[in-house]
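In what follows, a single structure is set out as structure tokens and then discussed.
By convention in this document, chain letters (A, B, ...) are assigned in the order of the sequence lines, proteins followed by strands, and residues within each chain are numbered from 1.
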Amino acid sequence: MPADADFSVCTYNVNSIKARLPNVVDFLREAAPDVVCLQEIKCVDEAFPRQEIEDLGYNVATHGQKSYNGVALLSKFPLEDVRRGLAGEDTDEQARYIEAVVLTPGAPWRVASIYLPNGNPVASEKFPYKLRWMQRLAAHAADLLALEERLVLAGDYNVIPRDGDCHDPAAWQDDALFQPQTRASYRTLQNLGLVDAFMAVDGREHVYTFWDYQAGAWAKDHGIRIDHFLLSPEAADRLRACAVARAARGKEKASDHAPVIARFAL
DNA sequence: ATGGTCGCGTAGCGA
């Protein structure tokens, strides 16, 4: 293995894998990330286009459900110890978390694909569910950090961390993604020792990962940054870059999210 | 502009 060998992890909310398969195949051919964390596959495991993805050289692990949510991991390296779902709420049937160990030629990397609840409207039961889910994620993350592994928690967090992570803060004031409790919960994750990859190597304001389909948001670059990587210190020490693959959002039949790619030294 | 646009599944919800 060369001394400067690269390991790339991508997070991509595809908003239905069935509707997005041509776009996803094109992206995988062009960007060829080593690991991809998918969110909102919106299908059961049996309906996932496994063969088409495997034909591109990926191993596939899915945690799907009918019509909504659903997450998956794609990896050019073998996957082991696949875990589905988060502990802490036995009645929760929403498929929003999958984790596995990626067996690279170097040390193993533990990678999770996360689809954190949206939480809107704030006055509904959906918002406390979001906050409880964030607490459950924090509890699990604390357990994982104790392993002192190279850990990447990647996904659609549905959190706008700073005012500068959206075009118009006033427009998001009443939104669950922008609430002080939501942001505080995201900071709590970081305070465990997790590092936000984008903030570690870039940190510019007005770099977005999601643009609504409505009202010409993409054309006007009225977006929000809600797709994040949280890294253990062991992973953060190896981080080289974190960038939004904006071109994918400009294509025909695009998802409303762009992929985000983090690059590490292996 | 209390709309606008997608994807689910085929009415109306979720985002």
Side-chain angles (χ1 to χ4, degrees), chain A residues 11-27 37-49 52-53 62-72 89 91-97 113-134 137 154-161 165-179 181-183 185-186 208-228 244-260:
Chain A
T11 181
Y12 189 5
N13 180 324
V14 293
N15 185 18
S16 165
I17 189 63
K18 277 182 274 185
R20 214 64 59 210
L21 188 58
N23 300 59
V24 171
V25 167
D26 284 351
F27 171 73
C37 302
L38 298 178
Q39 299 89 35
E40 285 206 89
I41 62 172
K42 294 189 171 180
C43 65
V44 295
D45 294 338
E46 298 71 32
F48 189 88
E52 291 88 335
I53 303 295
T62 60
H63 181 38
Q65 73 177 80
K66 184 178 163 65
S67 305
Y68 299 109
N69 309 316
V71 286
E89 193 162 321
T91 55
D92 186 1
E93 294 183 352
Q94 300 188 28
R96 297 181 174 277
Y97 185 90
S113 178
I114 289 166
Y115 180 46
L116 210 144
N118 175 295
N120 280 305
V122 170
S124 74
E125 266 308 304
K126 292 178 181 179
F127 188 59
Y129 171 67
K130 176 185 188 129
L131 297 178
R132 290 198 307 275
W133 206 94
M134 295 185 84
L137 178 61
D156 177 358
Y157 281 76
N158 270 313
V159 176
I160 302 168
D165 294 317
C166 63
H167 168 259
D168 178 14
W172 291 92
Q173 209 61 40
D174 299 325
D175 197 282
L177 282 60
F178 202 80
Q179 291 308 297
Q181 292 156 285
T182 302
R183 290 171 157 190
S185 296
Y186 189 68
Y208 307 130
T209 66
F210 167 93
W211 299 258
D212 201 285
Y213 287 125
Q214 303 181 64
W218 167 249
K220 293 184 278 194
D221 197 26
H222 290 182
I224 53 178
R225 190 173 68 88
I226 58 174
D227 298 274
H228 307 301
V244 182
R246 283 176 55 102
R249 181 63 180 84
K251 305 221 168 174
E252 281 297 310
K253 288 227 43 164
S255 169
D256 40 9
H257 293 250
V260 189

Using distance alone, with no hydrogens and no angle criterion, decide if A:Glu40 and A:Asn15 have a side-chain donor and acceptor under 3.5 Å apart.
no
Who are the salt bridge (Lys or Arg N to Asp or Glu O under 4.0 Å) partners of [X], not counting sequence neighbours?
X	answer
A:Glu89	A:Arg132, A:Arg136
A:Asp165	A:Arg162, A:Arg225
A:Lys126	none
A:Arg246	A:Asp221

Quantified in whole Å, what is the [atom1] atom distance between nucleotide [N] and nucleotide [M]?
N	M	atom1	answer
B:dA15	B:dG9	P	15 Å
B:dG14	B:dT2	P	23 Å
B:dA11	B:dA1	C1'	26 Å
B:dC6	B:dT10	C1'	15 Å

Within the 4.0 Å heavy-atom criterion, would you say A:Phe210 contacts the bases, only the backbone, or no part of the nucleic acid?
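No contact at all - A:Phe210 keeps every heavy atom at 4.0 Å or more from the nucleic acid.
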Quick one: ring pair (Phe, Tyr, Trp, His ring centres under 6.0 Å) partners of A:Trp172, sequence neighbours excluded?
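For A:Trp172, no residue satisfies ring pair (Phe, Tyr, Trp, His ring centres under 6.0 Å) once neighbours in sequence are set aside.
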What are the 5'-most and 3'-most nucleotides of DNA chain B lying under 4.0 Å from any heavy atom of chain A?
B:dG4 to B:dA15
Position toward the 5' end of DNA chain B (nearest nucleotide), A:Asn15 or A:His257:
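Final value for this comparison: A:Asn15.
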With nearest nucleotide decided by heavy atoms, which residue, A:Asp156 or A:Ala254, maps closer to the 5′ end of DNA chain B?
A:Ala254
